[in-house]
Amino acid sequence: MQLLALDNETLGWGATPVLSGVSLTVDQGERIALLGPSGVGKSTLLNAMRLRMTDRRVALVPQENGLVAQLSVFHNVWMGRLDDFGTARNMRTLLWPVGRERAEVDADLARTGLNGLGRRRVSTLSGGQKQRVALSRALLRGGDVVIADEPVSAVDPAQSRELLSQIEASFATSILALHDVQLALDHATRIIGLGRGGIVLDAPSADLTIPDLMGLYA
Ligand SMILES: Nc1ncnc2c1ncn2[C@@H]1O[C@H](COP(=O)(O)OP(=O)(O)OP(=O)(O)O)[C@@H](O)[C@H]1O
């Protein structure tokens, strides 16, 4: 089943184009990694994909995490489900979370290695812990597809692999901007490479090698 299609499109911000001639489709079940040098347009493409999938349940992990620093880890993770409930229920959960809600959040915190941190204020966490809060929020939300912008950039290599495995376990389809080419080759089934204002590579990971991908950064 096709989740989205872009046909020779120009993508950018306001009147400023970043990527042009962008044509691609994304099918359910694909695991896509976006690669390319800093500033090339990975976030721009992810944003365009997100906007085309309004008919799908999408979980997002933004590059800057999108957390509310003054609120607890529990509150930030629960935000992944705010649009599942009405205002009154959300107010109640934010003020007086019940045991079942805490348990649901705790289960996803455990999956990202943040056991026991539900009551901590996000502002007191390390960069890698904050990133894992954002991933826990996406896991709690669940959905058809996860769109994540460098979701493991602040954690160590072993944690990166574990976290990507957790993403794979929860989402049938994933679209991830990554900067580690080996991680991309190991976890994605398809790699889209950006450069020179557009897509310069779109191929199955199985057909690609590290030197092929390093060419994106030359
Ligand atoms: N929200 C935004 N509003 C306006 N311009 C933006 C916005 N986000 C990105 N841009 C611009 O779009 C261009 C591509 O940036 P983008 O963030 O898509 O690249 P990227 O490949 O994700 O970079 P990085 O790897 O550094 O995160 C840059 O010139 C950037 O300034």
Side-chain angles (χ1 to χ4, degrees), residues 3-26 30-54 56 58-69 76 79 122 125-135 137-138 145-157 159-161 163-164 167 171 173-203 205 208 210-218:
L3 295 181
L4 81 97
L6 298 172
D7 182 16
N8 195 25
E9 308 218 8
T10 298
L11 309 176
W13 303 91
T16 310
V18 175
L19 300 168
S20 55
V22 176
S23 297
L24 60 81
T25 58
V26 174
E30 289 199 285
R31 304 212 170 276
I32 299 174
L34 299 188
L35 295 177
S38 181
V40 78
K42 299 181 295 295
S43 303
T44 304
L45 180 54
L46 288 179
N47 188 53
M49 289 171 153
R50 176 181 67 84
L51 293 173
R52 301 302 163 88
M53 284 200 273
T54 49
R56 304 282 169 185
V58 178
L60 291 174
V61 185
Q63 190 167 26
E64 306 297 336
N65 296 325
L67 303 175
V68 181
N76 275 276
M79 281 178 201
V122 160
L125 300 180
S126 73
Q129 287 173 322
K130 287 176 185 162
Q131 195 163 55
R132 286 182 279 151
V133 173
L135 277 164
R137 182 183 56 200
V145 53
V146 59
I147 294 181
D149 200 343
E150 304 199 12
V152 291
S153 59
V155 299
D156 65 51
Q159 281 180 346
S160 295
R161 290 179 184 280
L163 292 170
L164 291 189
I167 288 176
F171 297 95
T173 308
S174 56
I175 308 171
L176 314 177
L178 294 174
H179 65 257
D180 180 329
V181 295
Q182 185 66 61
L183 204 58
L185 271 183
D186 292 346
H187 282 269
T189 55
R190 171 183 173 190
I191 293 188
I192 297 176
L194 301 182
R196 299 190 300 275
I199 292 176
V200 294
L201 172 79
D202 187 350
S205 309
L208 296 167
I210 293 279
D212 294 333
L213 299 178
M214 291 314 290
L216 294 168
Y217 301 90

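Atoms within each ligand, like the ligands themselves, are counted from 1 in listed order. Counting from 1, the numbers follow the sequence of the chain as shown.
- Annotation: atom 28 (C) of ligand 1 to nearest protein heavy atom, Gly39 O, 4.1 Å.
- In this structure, atom 30 (C) of ligand 1 has its sub-4.0 angstrom surroundings free of protein heavy atoms.
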Next on the checklist: Could you go through Ile199 and Leu19, starting from their C-alpha distance and side-chain angles, then the distance that decides it, and tell me whether this counts as side-chain contact (heavy atoms from CB on, under 4.5 Å)?
Outcome noted: CA-CA 8 Å; Ile199 292 176; Leu19 300 168; over 6 Å; no

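- Heavy atoms of Glu150 come nearer than 4.0 angstrom to ligand 1 in at least one pair.
- In this structure, atom 13 (C) of ligand 1 lies nearest to the protein heavy atom Val18 CG2, 3.8 Å.
- The main-chain N or O of Gly66 is found under 3.5 Å from a side-chain atom of Arg137 such that the two form a donor-acceptor pair.
- Heavy atoms of Thr44 found under 4.0 angstrom from ligand 1 belong to the backbone as well as the side chain.
- Heavy atoms of Gln63 found under 4.0 angstrom from ligand 1 belong exclusively to the side chain.
- Contact check on Asp149 versus Lys42 returns no salt bridge, with no Lys/Arg side-chain nitrogen under 4.0 Å from an Asp/Glu carboxylate oxygen.
- In summary, the atoms of ligand 1 found under 4.0 Å from a heavy atom of Ser43, numbered by their order in the structure, are 16 (P), 17 (O), 18 (O), 20 (P), 22 (O).
- For atom 7 (C) of ligand 1, the nearest non-hydrogen atom of the protein is Trp13 CE2, 3.3 Å.
- Of the protein's heavy atoms, Ser38 OG, 2.6 Å lies nearest to atom 26 (O) of ligand 1.
- Scanning all heavy atoms of the two residues, the minimum distance from Thr25 to Glu30 falls at O-OE1, 3.9 Å.
- Between Leu178 and Leu35, the shortest heavy-atom contact is O-CD2, 3.2 Å.
- The backbone N or O of Val68 lies less than 3.5 Å from a partner atom in the side chain of Asn76, making a donor-acceptor pair.
- Of all non-hydrogen atoms in Leu125 and Lys130, the two that sit nearest each other are O-CE, 3.4 Å.
- On a distance-only criterion, Gly41 and ligand 1 share at least one N/O pair closer than 3.5 Å.
- A pairwise comparison of heavy atoms in Arg31 and Phe171 identifies NH2-O, 2.6 Å as the closest pair.
- Closest of all the heavy-atom pairs between Val155 and Gln131 is N-OE1, 3.7 Å.
- Counting protein heavy atoms under 4.0 angstrom from atom 3 (N) of ligand 1 gives one or more.
- With a 4.0 Å heavy-atom cut-off, ligand 1 is reached by no atom of Ala177.
- Nearest protein neighbour of atom 25 (O) of ligand 1, counting heavy atoms only, is Lys42 NZ, 2.8 Å.
- Of all heavy-atom pairs between Val26 and Arg190, the closest is CA-NH1, 4.2 Å.
- Using a non-hydrogen distance threshold of 4.0 Å, Pro37 registers as a contact of ligand 1.
- Every N/O-N/O distance between Asp149 and ligand 1 stays at or above 3.5 Å.
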